[in-house]
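Note: hydrogens, waters and symmetry copies are ignored here, and every other heavy atom, side chains too, is used. Proteins come first, then strands; the chains are lettered A, B, ... in the order of their sequence lines, and each starts at number 1.
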Protein chains: 2
Amino acid sequence: MTYTIGLDFGTNSVRCLIVNTDSGDEHGTAIYEYETGRAGIILDSSDHNLARQNPADYIKGIEVTVKEAIARAKKNDKQFEPSDIIGIGVDTTGSTPIPVDARGMPLNMLVNFKDNPNACAWLWKDHTGYAEAAEITELAAKEHPEYLAKCGGTYSSEWFFSKILHCLRVDREVFDAAYTWVECADYVPAVLTGTTDPKQIKRCRCAAGHKAMFSDSWGGYPAKEFLSKLDPKLGELRRTLSDETLPIDKAAGGLTNEWAGKLGLPKGIPVAMGAFDAHLGAVGSGIAPGKLVKIIGTSTCDMVIWPTDSDLADVPGICGIVDGSIVPGFWGLEAGQSAVGDIFNWFVNYIQPGGASEGSHEVLTEKAANLRPGQSGLLALDWNNGNRTILVDQRLTGLLLGQTLHTKPEEIYRALIEATAFGALTIIDRFEEYGVKINEVINCGGIAEKNAMLMQIYADVTGREMKISRSSQSCALGSTIAGAVVAGKEKGGHESVAEAQAAMCGIKEQTFKPIPENRQVYQELHRLYKQLHDAFGLADYSGTLANVMKKLLSIKEQQQTAIA
Amino acid sequence: MTYTIGLDFGTNSVRCLIVNTDSGDEHGTAIYEYETGRAGIILDSSDHNLARQNPADYIKGIEVTVKEAIARAKKNDKQFEPSDIIGIGVDTTGSTPIPVDARGMPLNMLVNFKDNPNACAWLWKDHTGYAEAAEITELAAKEHPEYLAKCGGTYSSEWFFSKILHCLRVDREVFDAAYTWVECADYVPAVLTGTTDPKQIKRCRCAAGHKAMFSDSWGGYPAKEFLSKLDPKLGELRRTLSDETLPIDKAAGGLTNEWAGKLGLPKGIPVAMGAFDAHLGAVGSGIAPGKLVKIIGTSTCDMVIWPTDSDLADVPGICGIVDGSIVPGFWGLEAGQSAVGDIFNWFVNYIQPGGASEGSHEVLTEKAANLRPGQSGLLALDWNNGNRTILVDQRLTGLLLGQTLHTKPEEIYRALIEATAFGALTIIDRFEEYGVKINEVINCGGIAEKNAMLMQIYADVTGREMKISRSSQSCALGSTIAGAVVAGKEKGGHESVAEAQAAMCGIKEQTFKPIPENRQVYQELHRLYKQLHDAFGLADYSGTLANVMKKLLSIKEQQQTAIA
């Protein structure tokens with residue numbers, strides 16, 4: 001028996017997973033909640049756009065979780081030996097760039113930057129660089145439209161250069177102290193493989209391609225001349241960014257003796273190149289051409305792959321189309337919704353509806369499940385955290401329409417779920433409009449596993465069967481797959497990602513099929529959603545919305561009559 | 001010393017007020033909460049449009065409250081004698097028509113209709129007749145546009161004929177058993193003056209003119225031929241409606257011996273013609289040309305008067321323009337918002353935000369008061385119960401825009417208050433667009449008295465000083481004024497409404513003046529409100545709304561910067 005380790009660095013915690021490379025069976029797992037800030041996130045009450053993390057939490061998390069996962073694996077299976085672990089894979093959030101000094105040290109680990117949030121990791125959901133994102137988009141649209149073509153036409157405030165340029169603008173001291181900036185997905189493998197010289201840190205294809213406008217077709221990262229126009233200092237940074245990036249079937253290096261000793265693992269076992277959690281989650285969910293993987297959490301990522309030897313249009317509004325970013329040999333296409341679970345959490349935790357005992361996710365879900373589509377007369381936009389796909393506009397906000405003096409919390413809760421389903425359909429429609437046919441939808445993440453009502457609504461709204469990934473830790477499973485591929489077949493691993501997926505992935509038995517009469521109502525509601533979407537999201541909308549409220553009422557009455 | 005009694009029949013209770021006719025000083029008051037239904041309203045859980053009342057509650061309320069108010073007046077002032085009471089005035093909700101048989105008996109008091117809601121009083125906020133309202137509007141627009149010109153161009157589902165026609169359509173038995181239908185405002189004086197023959201029941205100018213298309217200029221109520229086209233049975237009802245209607249300075253008759261005995265009042269004292277609560281509330285608040293009276297409760301009424309000998313345009317979207325409906329000798333103009341306090345009550349009672357201890361009106365108000373205009377980035381439409389003025393469309397619904405993952409209950413609470421303020425401004429603007437200049441705004445009702453934040457927001461949004469009526473029972477005070485006028489100067493009353501107002505009304509010392517920097521922000525927000533208002537309310541809107549979300553954000557940032 002051989003095993004690999006997957007390390008999955010999420011928004012609030014890191015998880016370690018040990019799986020059998022033949023079956024994908026999980027032998028041990030452990031979680032470490034980051035200690036710094038609020039649920040692991042450094043916030044600023046005066047600026048809701050700010051979200052940072054302490055890289056020290058990542059390092060501590062490796063040690064705590066790997067040791068604990070090994071202990072559990074031993075307990076679960078007397079035969080298990082840590083010496084049978086043959087490789088490690090890593091996935092992280094992103095774009096989560098970290099400013100590091102010339103010794104590869106994150107700046108916030110230095111005394112003089114200790115409590116400075118700008119010296120920390122800039123978490124994916126940090127939006128402080130929204131003005132810089134607009135600036136980058138504007139310049140690229142004018143001078144290098146090709147930079148934007150593969151990332152949906154708009155450079156996001158969540159991405160690498162927006163954050164770095166914002167730091168340069170607001171905290172020159174931190175910017176100047178940074179030799180370079182590395183993605184969390186590159187930082188963790190560098191730590192494990194002992195790569196302290198930042199010139200030597202290997203950059204993963206996934207982060208560079210999706211968030212930093214990297215493409216082999218224009219020689220890697222954006223040209224120095226382009227970055228210099230944004231700011232000469234940013235241009236200077238260009239030389240610290242390597243010209244090569246690597247996919248997950250390549251190793252970042254071997255595990256250092258020091259880490260091997262500390263963790264009780266074999267020395268020198270390969271550590272795969274990192275990738276974003278969603279990308280490895282897609283791998284762990286069995287992504288293949290024609291299969292959309294939806295990773296549903298606080299936000300969603302919607303992942304598709306497409307053979308690099310086939311024609312593929314630039315799909316507008318998709319966050320990225322990058323060669324080899326998910327599976328080597330395929331374009332990785334990434335779309336997503338900026339908030340899904342976070343919207344439901346907002347309603348429950350911030351609005352705290354329903355009084356003392358009626359406002360939990362469980363109670364609201366139970367009550368909302370008794371409603372028929374359209375019965376509440378409510379319609380919402382799922383933009384409480386902006387819109388990633390297809391509008392690529394993080395600053396958009398939420399909308400709720402149709403409330404009366406009788407509207408109840410569970411009706412709003414369901415309307416918010418439906419709004420995210422309409423957002424999901426918008427992404428599927430966009431893929432298909434540009435020739436990327438979606439034959440199958442596989443969901444993963446806690447919400448997909450736990451909330452049957454949500455999955456049924458997604459099936460009814462999209463008109464597609466919803467399947468759920470077998471593993472409840474698909475991202476970490478994807479990392480173990482990367483670990484198995486870099487270990488190689490000879491050592492007990494696998495020759496390719498597809499071979500590893502065939503052995504290690506699966507689908508749950510229960511699936512959710514569209515219910516025709518619900519589908520029909522949701523088709524009507526979707527037309528109204530689209531009107532709102534376009535009216536508030538597109539600058540050139542020219543319709544009237546006067547029909548929207550009335551049409552909702554007629555659907556509501558029709559559904560109430562259907563009950564009676 | 002002489003005194004008059006005001007009986008104020010509200011939505012949930014009836015109040016009796018005894019005041020001194022020289023000073024307006026309140027000598028005794030009492031309230032009776034209606035016993036039937038939920039807070040006095042008969043509801044139907046399967047039809048939110050239905051709202052009825054039990055007329056027996058009105059009768060019982062007279063006896064309970066008059067006796068108790070007299071007892072309190074005696075207790076407060078040893079000199080007080082019930083024999084010094086010289087007149088009675090009555091105000092009620094409306095349009096609240098009651099089907100009565102040939103002996104003037106409300107049908108639900110008959111055994112065979114006892115539990116039939118259609119045989120009860122159809123409360124003002126009953127919207128079951130919305131389809132009939134549309135039918136009446138359509139026919140009138142085609143054949144008698146003059147019928148609609150004075151009531152804003154649209155006949156409402158809340159009004160007299162919509163309700164009667166709906167009853168005819170859904171409950172023929174009740175319709176056929178009714179000799180006629182009388183407004184609550186006419187029913188109560190008829191009871192007190194012993195008018196059992198429905199042919200003799202006097203109809204008040206206020207209800208007939210504002211809710212039943214009555215005008216001397218076309219011979220009273222709508223023509224039989226017109227009503228017959230809606231339904232021949234409705235045409236037959238026309239003969240039961242008198243050709244004359246009377247304003248509040250005319251008496252419905254004298255108090256019967258039986259009632260005088262039961263209540264301990266002098267026999268035969270005059271009972272004034274009734275009027276709607278808002279209309280007598282306007283009188284009690286000191287209405288005069290150029291003075292807008294806003295009666296702010298669950299909904300609002302916005303009342304203006306204008307000399308009948310001056311030119312006045314038909315103001316579109318105003319609920320009614322009726323000669324003598326408020327003060328004899330003046331056009332009474334009535335506008336209103338379908339929900340104000342009811343929207344805040346919905347948020348607190350239905351959504352129950354803020355967890356166990358944070359969701360009361362008091363706590364939400366306290367927290368919301370610390371916010372600056374625009375700081376939340378939220379904007380709402382105040383249409384949770386439809387829009388009375390200026391869109392005259394009861395079926396419109398609410399809207400909330402701008403919510404993020406950080407939006408808090410108090411921010412929504414404030415946005416809802418601001419929405420009602422924008423609705424209030426829309427009414428003032430409409431009056432002025434059509435030449436009805438508003439020089440002064442006097443508010444009355446519990447919300448105006450208790451919620452200083454709301455009054456300040458209204459001042460800031462409208463750019464006008466907000467004054468508050470001195471009496472906290474302005475409607476009942478208006479009724480005592482009517483009682484004083486029908487009693488006449490000789491008996492210790494007054495010669496005219498204006499003379500009585502000069503003696504009996506006043507304004508509170510504290511007023512609310514617009515704060516210039518708030519006013520400026522609200523002017524920006526009002527432009528956005530107007531875009532939403534027009535986009536969702538007007539059929540021919542042709543703008544784009546794409547700017548609305550972004551403009552809200554820029555105001556939000558500007559306001560947050562102002563704090564820092």
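- Contact of A:S357 with chain B is not made at all, since no heavy-atom distance falls under 4.5 Å.
- The most heavy-atom pairs under 4.5 Å with chain B, out of A:T407, A:L379, A:L401, come from A:T407.
- Neither the backbone nor the side chain of A:L391 comes within less than 4.5 Å of any heavy atom of chain B.
- Heavy-atom distances place the side chain of A:D393, and not its backbone, under 4.5 Å from chain B.
- Nearest heavy atom pair, residue A:W346 against residue B:T404, reads NE1-O, 3.4 Å.
- At a 4.5 Å heavy-atom cutoff, the contact between A:I412 and chain B is made by side-chain atoms alone.
- Among B:K408, B:E411, B:Q352, the residue with the largest count of heavy-atom pairs under 4.5 Å with chain A is B:Q352.
- Of the residues considered (A:G402, A:G377, A:G537, A:A339), A:G402 shows the highest number of contacts with chain B, using heavy-atom pairs under 4.5 Å.
- Heavy atoms closer than 4.5 Å to chain B are found in the backbone of A:L538, but not in its side chain.
- A side chain to side chain contact (heavy atoms under 4.5 Å, CB included) with B:L405 is found for one member of A:D342, A:N345, A:T397, A:N349 and no other, namely A:D342.
- Options B:G355, B:G359, B:A380 differ in how many heavy-atom pairs under 4.5 Å they form with chain A, and the most are formed by B:G355.
- Across B:H406, B:E410, B:E358, B:E557, the residue that shares the most heavy-atom pairs under 4.5 angstrom with chain A is B:H406.
- For B:I351, the parts lying under 4.5 angstrom from a heavy atom of chain A are both the backbone and the side chain.
- For A:L381, the part lying near chain B is the side chain, with the backbone staying farther off; criterion is any non-hydrogen pair under 4.5 Å.
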